[in-house]
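Note sheet for the following structure.
The first residue of the sequence shown is numbered 1, and numbering continues consecutively from there.
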Amino acid sequence: MIKEKKVRNFWLEVVLCSTFVFTVLYGIANILQLGILDVFDPIGQALGDTELTDITFSKLREDPEIDTNILIINTGLLSSEEVGEQIRNISRFKPKVIAIDVFYNCPVGFTDSINCPIAYDTLRERPLGEAIANAGNVVMVTKLLQSDSLYNKYGGDINIFDSLEHTMDILRPGAYEGYANLETDAEHQEDLKSCRRFNPSVMVNGKEELAFSVRTAMIFDSVKTKRFLERNNPVEVINYRGNIIDMHGASEYAGRYFTLDWYQALDTNQFVSGLIKDKIVLMGFLGENFDDTSWDDKFFTPLNKKFAGKSRPDMYGLVVHANIISMILNEDYITEAPDWIEYAVAFILCMLNVAVFFYITEKIPLWFDGLSIIMQLIQIIILSLLMVYFFHWFHIKVNLTATLGALAVVGTGFELYNSLVKQIWTLYLGKYLDRYLNLLGSLSREISIKRHKD
């Protein structure tokens, strides 16, 4: 009986100490979110947009083969008439689908002739509209929007939308549509953006809307795309396969997609029909030309050669869409473990560490400082490697951030608990707990005796 009580009290203390460690970790996380320590943490700021699994893409994985199903065309700064001519040139060679990642409409709130001349000169857009209608297999982009009331209700921090912004009406007849929004950590379009995930579909006013890339893949191969959507994941991790040729060295990947610059698509002598027939043609902005160094519509991705402390975005939004399409058509997905696994693993490992620390404190207290630090370092290194290689080998993304955080503070948290919290507990609350546990034990014995008699 005494041994049973001792074991019970030991594991109760382990749970209480582990709970205290997580309370400390929660407090630290909330302080860091306030940003009041950012000025003292340049390293943390440099690594803020980094995930350990980025190493898999940028350092470990072998280069995938060129995706011959996709041709990417730069529209540069061309007028709508010139883009229409590009479409007519491409359509002659019978592509399976043409997807245009260019939004032809007035900026929200601007409909005057200075800020939005197309609102008063729709005839200028007619050649593009005719080219789109004649092609018959064109996907245009839309934009997911939140009304002010919805934004205020959810704080703008949730993927719920109640309206769509479309390209102008004259270009839409006969065209398919898909929203071009990508999930990033940026608050504004002009901010530097990292893109690792996207939303395959969302409900807008009771109707399912597909992402621009998913809609394009659906037209090309509906069977594979439907299998992808049957995963029913509201958010998918993008399994990046490659970039276009990078003239400025932001990505170590060689070009994994065939491309045409804006002037090449205006001249049918600049390309061969084999690039286009029965293929997916993606059209959109890839800079003023392929030598352009601007960062317009460019993202940081896991393919960036500097996976930590990134200095230059490496991929245009159009190429991000190409990677999503490649992932769907190759059925090469990434599975993301649910959040509960992260917290369950974190708490269990924390409890095991606390149990070992109690044992060390009782048996060899003089060794506690050295052994606890060594244990923490070894576990952090092993778990970090497991995250990277588990992702590399099995395409399963397990987030162990909470576990790594718990391991980083468990030693200090244990010492605070053992030297301060436990003493307070023993002095003021322990006697009440003992009475409660003894009462429970007595009731349990009486119930057992009664059942035995019956």
Side-chain angles (χ1 to χ4, degrees), residues 62-76 78 81-102 127-128 130-141 174-176 178 212-225 228 238-247 251 253-287 289-292 303 315-332:
E62 295 181 3
D63 292 351
E65 295 180 356
I66 293 175
D67 192 333
T68 57
N69 286 320
I70 298 174
L71 171 67
I72 302 176
I73 295 178
N74 184 21
T75 58
L78 296 180
E81 297 100 316
E82 291 169 316
V83 173
E85 186 169 346
Q86 284 184 324
I87 294 173
R88 282 191 292 274
N89 288 343
I90 297 302
S91 295
R92 296 176 192 171
F93 300 101
K94 307 299 181 184
K96 187 76 173 285
V97 55
I98 300 173
I100 306 173
D101 185 20
V102 181
L128 176 57
E130 291 174 350
I132 291 171
N134 291 333
N137 57 352
V138 176
V139 180
M140 303 296 291
V141 290
Y176 301 92
F212 174 73
S213 49
V214 177
R215 177 67 71 189
T216 304
M218 180 70 79
I219 297 171
F220 186 81
D221 191 329
S222 61
V223 175
K224 290 182 178 179
T225 307
F228 169 71
I238 303 171
N239 192 0
Y240 282 97
R241 299 179 62 82
N243 206 345
I244 61 175
I245 294 176
D246 185 1
M247 302 294 185
S251 173
Y253 274 72
R256 297 295 155 199
Y257 297 99
F258 293 121
T259 58
L260 294 176
D261 210 344
W262 62 265
Y263 62 89
Q264 294 173 307
L266 288 173
D267 182 359
T268 55
N269 293 320
Q270 295 277 346
F271 55 85
V272 296
S273 62
L275 282 175
I276 298 171
K277 185 173 174 57
D278 296 327
K279 308 293 186 182
I280 296 171
V281 176
L282 298 179
M283 301 178 66
F285 183 76
L286 301 174
N289 53 57
F290 286 166
D291 292 319
D292 187 4
L303 299 189
M315 187 176 292
Y316 285 104
L318 183 64
V319 187
V320 175
H321 292 303
N323 275 273
I324 296 171
I325 294 169
S326 293
M327 178 183 75
I328 294 172
L329 298 182
N330 285 278
E331 299 186 282
D332 190 16

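- Side chain of N89 to backbone of T268: no donor-acceptor contact under 3.5 angstrom is found.
- Side chain of N74 to main chain of G287: a donor-acceptor pair is present (N/O by atom type, distance under 3.5 Å, no hydrogens or angles).
- Using modelled atom types, one side-chain atom of N323 and one backbone atom of G242 make a donor-acceptor pair closer than 3.5 Å.
- Once rounded to the nearest 0.5 Å, the distance linking CD of E65 with CG of N330 reads 9.5 Å.
- Closest approach of M140 to V102, counting heavy atoms only: CE-O, 4.5 Å.
- Going from atom CD1 of I73 over to atom CG of L71 covers 4.5 Å, rounded to the nearest 0.5 Å.
- Atom CD1 of I90 is separated from atom CE of M283 by 6.5 Å, given to the nearest 0.5 angstrom.
- The only option from I87, V141, V281, L282 that meets the side-chain contact (heavy atoms from CB on, under 4.5 Å) definition with I100 turns out to be I87.
- Scored by the side chain to side chain contact (heavy atoms under 4.5 Å, CB included) test, N137 finds P95, I98, A135 as partners (sequence neighbours excluded).
- With hydrogens and angles disregarded, a donor-acceptor distance shorter than 3.5 Å links the side chain of T225 to the backbone of A217.
- Checking side-chain atoms of N239 against main-chain N and O of D332 turns up a donor-acceptor pair under 3.5 Å.
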Quiz item: How far apart are the C-alpha atoms of V320 and Y240, what are their side-chain angles, what is the distance that settles it, and do they pass the side chain to side chain contact (heavy atoms under 4.5 Å, CB included) test?
Solution: CA-CA 8 Å; V320 175; Y240 282 97; 3.7 Å; yes
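- Using a 4.5 Å cut-off on side-chain heavy atoms (C-beta onward), I280 and L329 make contact.
- Going from atom CD1 of I66 over to atom CZ of R241 covers 11.5 Å, rounded to the nearest 0.5 Å.
- Of all the heavy atoms in R88 and P127, the pair that sits closest is NH1-O, 3.5 Å.
- Counting only distance, with no hydrogens or angles, the side chain of D261 and the backbone of Y263 share no donor-acceptor pair below 3.5 Å.
- A donor-acceptor pair under 3.5 Å is formed between the side chain of R256 and the backbone N or O of P64.
- The heavy-atom pair separating A175 from I132 by the smallest distance is CB-CG2, 4.0 Å.
- The shortest side-chain heavy-atom distance between Q86 and L260 does not fall under the 4.5 Å cut-off.
- Within 6.0 Å of CZ in F285 there are more than 12 heavy atoms belonging to other residues, nucleotides or ligands.
- For F271 and F93, the distance between ring centers is under 6.0 angstrom.
- Nearest heavy-atom pair, T259 versus Q264, reported as atom, atom and distance to 0.1 Å: O-OE1, 4.4 Å.
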Quiz prompt | side chain to side chain contact (heavy atoms under 4.5 Å, CB included) evaluation trace for H321 with T216 | solution = CA-CA 9 Å; H321 292 303; T216 304; over 6 Å; no
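- Taking CG from D292 and OH from Y316, the interatomic distance works out to 5.0 Å, rounded to the nearest 0.5 Å.
- The closest donor-acceptor contact from the side chain of T75 to the backbone of G284 lies under 3.5 Å.
- For D278, there are no salt bridge (Lys or Arg N to Asp or Glu O under 4.0 Å) partners, not counting sequence neighbours.
- Shown here are the side chain to side chain contact (heavy atoms under 4.5 Å, CB included) partners of Y176, two or more places apart in sequence or in another chain: V139, R215, I219.
- Taking all atoms of both residues into account, the shortest heavy-atom contact from F212 to D101 is CZ-N, 3.8 Å.
- With a 4.5 Å cut-off on side-chain heavy atoms, I244 and L318 do not count as touching.
- Taken to the nearest 0.5 Å, the NZ atom of K224 stands 13.5 Å off from the CD1 atom of I325.
- Closest approach of W262 and G76 over heavy atoms only: CB-N, 4.4 Å.
- A heavy-atom distance below 4.5 Å is found between the side chains of F228 and V214.
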